[in-house]
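Accompanying notes for the structure given below.
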Amino acid sequence: MSATVVLGLAWGDEGKGRVCDALAADARYVARYSGGNNAGHTIRVGKEEFVVHLIPSGIVRAGVVCTIGNGVVVNPEVLAEEVSALENRGIEVRGRLKVDGRAHLILPYHVRLDGYREKALGKAKIGTTNRGIGPTYEDKIARVGIRVQDVFDEGILRAKLRAALREKNSLITNVYGEEPYDPDEIADYLLSFRDLLEPMVADTGALLRGAIKRDEPVLLEGAQATLLDNDFGTYPFVTSSNPSAGGACVGTGVPPTSLGEVIGVTKAYTSRVGDGPFPTELFDEMGETLRRVGNEYGSTTGRPRRCGWLDLVAIKYTASVNGITTLALTMLDVLSAVEEVKVCVGYEIDGERVDEYPMSQTDLHHAQPVYKSLSGWGVDVTGCRRREDLPEEARDFVSFIETELGVPLCMISVGPERDQAIVKRIGV
Ligand code: GDP
Ligand code: IMO
Ligand code: MG
């Protein structure tokens, strides 16, 4: 038995929440492995819409155990709010949500530093979600982070905060000219989350490895996406974790030999929220149409998402980085609004045709998309439940993507609702 990974192939918001929700119907465990509440995963259940930022999407499916892995960064206030918000909507959370004791905590000074940094960068800003994600991972790597388990040893907690803030306060006051933090105040603030955290804290890696051994279905839910990966994405316009498949192991404690299916999720076009290169971005009416029809506004920050055509050069690269075994294609219905569909099949970089995703940032900034045009279908596809129900032009479009990527499609999503999908081969 092995764990299934679901991850994004572009710059996030591909519909991972929606795909995970479909898979969670058969799962026993759903685990988040990277990022924090910079994510926003939407699940529609009839007329109800749930947007989860930190808690795995599996929480919407009764009986599924959800874990927040060691690779995730946890803002305890957001955790408390998200638990209450879900419970107020009738979803039982506390009995089946586990948080890894090794996960790092996002503290108020991380959130503030995120804002100061962005402001200082000016026009070169990353366009972060301003949730303190980067500064928290920085502290983790610098070995001055505060972990969930530290909340249960007051002595260690206070000592670690004093050590962490010695340097941090000097940065906050001397570089940014802001007020310093009192380590004891932060310690008291953290201790106030003890009661919430205590029943949830677990060695979630051990839980998942045990489940895999017992042949119980485990789903690892990606957040952000491969082009935002700190190593493989459009650095420095990336997030500070590894949303790609390798991160699923490091961020959960599930060994690589226990991974089975790796499901890559892509929209039928592309969106990006935040700054950084985006070769197929559309600045015209067409971009506006995709944004309007696709309702492309950030699930976390509400920012309008930048929209453009599907970039197969980028998706082939991310499919290969992740070793995807199957593909989930979302938002096919949105392309019903366009007469002609374009797909980027190559780049022109400084007068030269390039078919491989460039490693160099400079090349990527110079990349001009080379498009293949396909006929649009112009009719509503939200009612299609079998591939053969799709109009011929839509079938040609999905077959083209499938052939180019060389992996079979497991799901074609034709709307945000649970049942609005063509599902071929799914099951954790
Ligand atoms: P995630 O971050 O990858 O989970 O994606 P988000 O939830 O941030 O954004 C995806 C958005 O598209 C959400 O509003 C979903 O309800 C919506 N959505 C997902 N799949 C489809 C689809 O096939 N068609 C349409 N029209 N909307 C979809
Ligand atoms: P989901 O899981 C889209 C982007 C931010 C910014 C960059 C760095 O919903 O797909 P950060 O706050 O992480 O330091 O910001 O990453 N970003 C996302 N964009 N979807 C997300 O999550 C994102 N999480 C981070 O907009 O460009
Ligand atoms: Mg999202």
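Whatever order the structure lists them in is the order used to number ligands and atoms, beginning at 1. Being a predicted model, the structure only gives us computed values, none of them experimental.
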Below 4.0 angstrom from a heavy atom of [X], which ligand 1 atoms are there? Numbered from 1 as shown, please.
X	answer
K16	1 (P), 2 (O), 3 (O), 4 (O)
V414	23 (O)
R18	20 (N)

### Message
Taking 4.0 angstrom as the limit and counting only heavy atoms of I126, give me the atoms of ligand 2 inside it, by number and element.
### Response
8 (C), 27 (O)
#### Entry: Subset of ligand 2 atoms that lie under 4.0 Å from at least one heavy atom of A223
2 (O)
### Query
Under 4.0 angstrom from ligand 1, any heavy atom of G12?
no
With the threshold set at 4.0 Å, does a side-chain nitrogen-carboxylate oxygen contact exist between [X] and [Y]?
X	Y	value
D419	R385	yes
K316	E404	yes
E281	R306	yes
R102	D203	yes
R386	D389	yes

### Message
Could you work out, for atom 8 (C) of ligand 2, the closest of V238, T300, V265 by heavy-atom distance?
### Response
V238
### Task
Select the closest option to atom 9 (O) of ligand 1 among R305, H41, E296, judged by heavy-atom distance.
R305
For [atom], find the nearest protein heavy atom and state the residue, atom name and distance (0.1 Å precision).
atom	result
atom 12 (O) of ligand 2	T129 OG1, 2.5 Å
atom 18 (N) of ligand 1	M331 SD, 3.6 Å
atom 13 (O) of ligand 2	T239 OG1, 2.6 Å
atom 2 (O) of ligand 1	G40 O, 2.9 Å
atom 26 (N) of ligand 1	D333 OD2, 2.8 Å
atom 4 (C) of ligand 2	L228 CD1, 3.8 Å
atom 4 (O) of ligand 1	G17 N, 2.8 Å
atom 23 (O) of ligand 1	S413 OG, 2.6 Å
atom 7 (O) of ligand 1	T42 OG1, 2.6 Å
atom 27 (O) of ligand 2	V273 O, 3.2 Å
atom 20 (N) of ligand 2	D13 OD1, 3.2 Å
atom 10 (C) of ligand 1	D13 O, 3.8 Å

Is ligand 2 less than 4.0 angstrom away from at least one heavy atom of [X]?
X	answer
G8	no
G127	yes
H41	yes

### Query
Taking the six-membered ring for Trp, are the ring centroids of F237 and W11 within less than 6.0 Å of each other?
no
### Within reach of ligand 2, part of K125 (heavy-atom separation under 4.0 Å)
neither
## Note on the structure
Quick look: W11 vs ligand 2, heavy-atom contacts under 4.0 Å, and the answer is backbone
### Message
Applying salt bridge (charged side-chain N to carboxylate O under 4.0 Å, His left out) as the test, list every pair that has at least one member in residues 290-305; sequence neighbours left out.
### Response
D13-R305, K267-E296, E288-R291, E296-R305
Does any N or O atom in [X] lie less than 3.5 angstrom from one in ligand 2, N or O only?
X	result
R303	yes
A39	no
T128	no
Q224	yes
N38	yes
D114	no
K16	yes

### Query
Does the N or O separation between V334 and ligand 1 drop below 3.5 Å for any pair?
no
### Query
Are any of the side-chain heavy atoms of V6 and V265 separated by less than 4.5 Å?
yes
### Message
I'd like to know whether K47 forms a salt bridge (charged side-chain N to carboxylate O under 4.0 Å, His left out) with E417, so could you lay out the CA-CA distance, the side-chain angles of the two residues, the decisive distance to 0.1 Å, and finally the verdict.
### Response
CA-CA 9 Å; K47 295 233 167 334; E417 302 284 340; over 6 Å; no
### Query
Protein N/O/S atoms under 2.8 Å of the Mg ion (ligand 3)?
D13 OD1, G40 O
### Query
On the ring face of Y181, is K168 found with NZ or CZ under 6.0 Å from the centre and within 45° of the axis?
no
### Task
Tell me, please, which residues at least two apart from E167 pass salt bridge (charged side-chain N to carboxylate O under 4.0 Å, His left out).
none
### Query
Without hydrogens or angle criteria, can the side chains of N130 and T128 be said to hold a donor-acceptor pair below 3.5 Å?
no
### Query
Would T270 and D311 count as having a side-chain donor-acceptor pair, cut-off 3.5 Å?
no
### Query
Residues two or more places apart in sequence or in another chain: which of them pass side chain to side chain contact (heavy atoms under 4.5 Å, CB included) with E49?
T42, R44, V51
#### Entry: Audit row: S57, E221, side chain to side chain donor-acceptor pair (under 3.5 Å) steps and yes/no
CA-CA 8 Å; S57 300; E221 174 180 355; 2.7 Å; yes
### Query
Could you walk me through whether K160 and D150 pass the salt bridge (charged side-chain N to carboxylate O under 4.0 Å, His left out) check?
CA-CA 9 Å; K160 283 189 175 177; D150 295 330; 3.0 Å; yes
#### Entry: Worked verdict on V218 versus R28 for side chain to side chain contact (heavy atoms under 4.5 Å, CB included)
CA-CA 6 Å; V218 170; R28 174 79 183 110; over 6 Å; no
### Message
Once you measure the plane-to-plane angle for W377 and F397, does it fall in the parallel (<30°), tilted (30-60°) or perpendicular (>60°) bin?
### Response
tilted
### Trace of the side chain to side chain donor-acceptor pair (under 3.5 Å) decision for E77 with Y189
CA-CA 10 Å; E77 279 179 59; Y189 158 85; 2.6 Å; yes
## Note on the structure
Only residue of V148, T252, L97, T204 satisfying side chain to side chain contact (heavy atoms under 4.5 Å, CB included) with I68 is L97
### Query
N174 side chain to S170 main-chain N or O, any donor-acceptor pair under 3.5 Å?
yes
### Task
Spell out, as yes or no, whether a donor-acceptor pair under 3.5 Å connects the side chain of D21 to the backbone of G17.
no
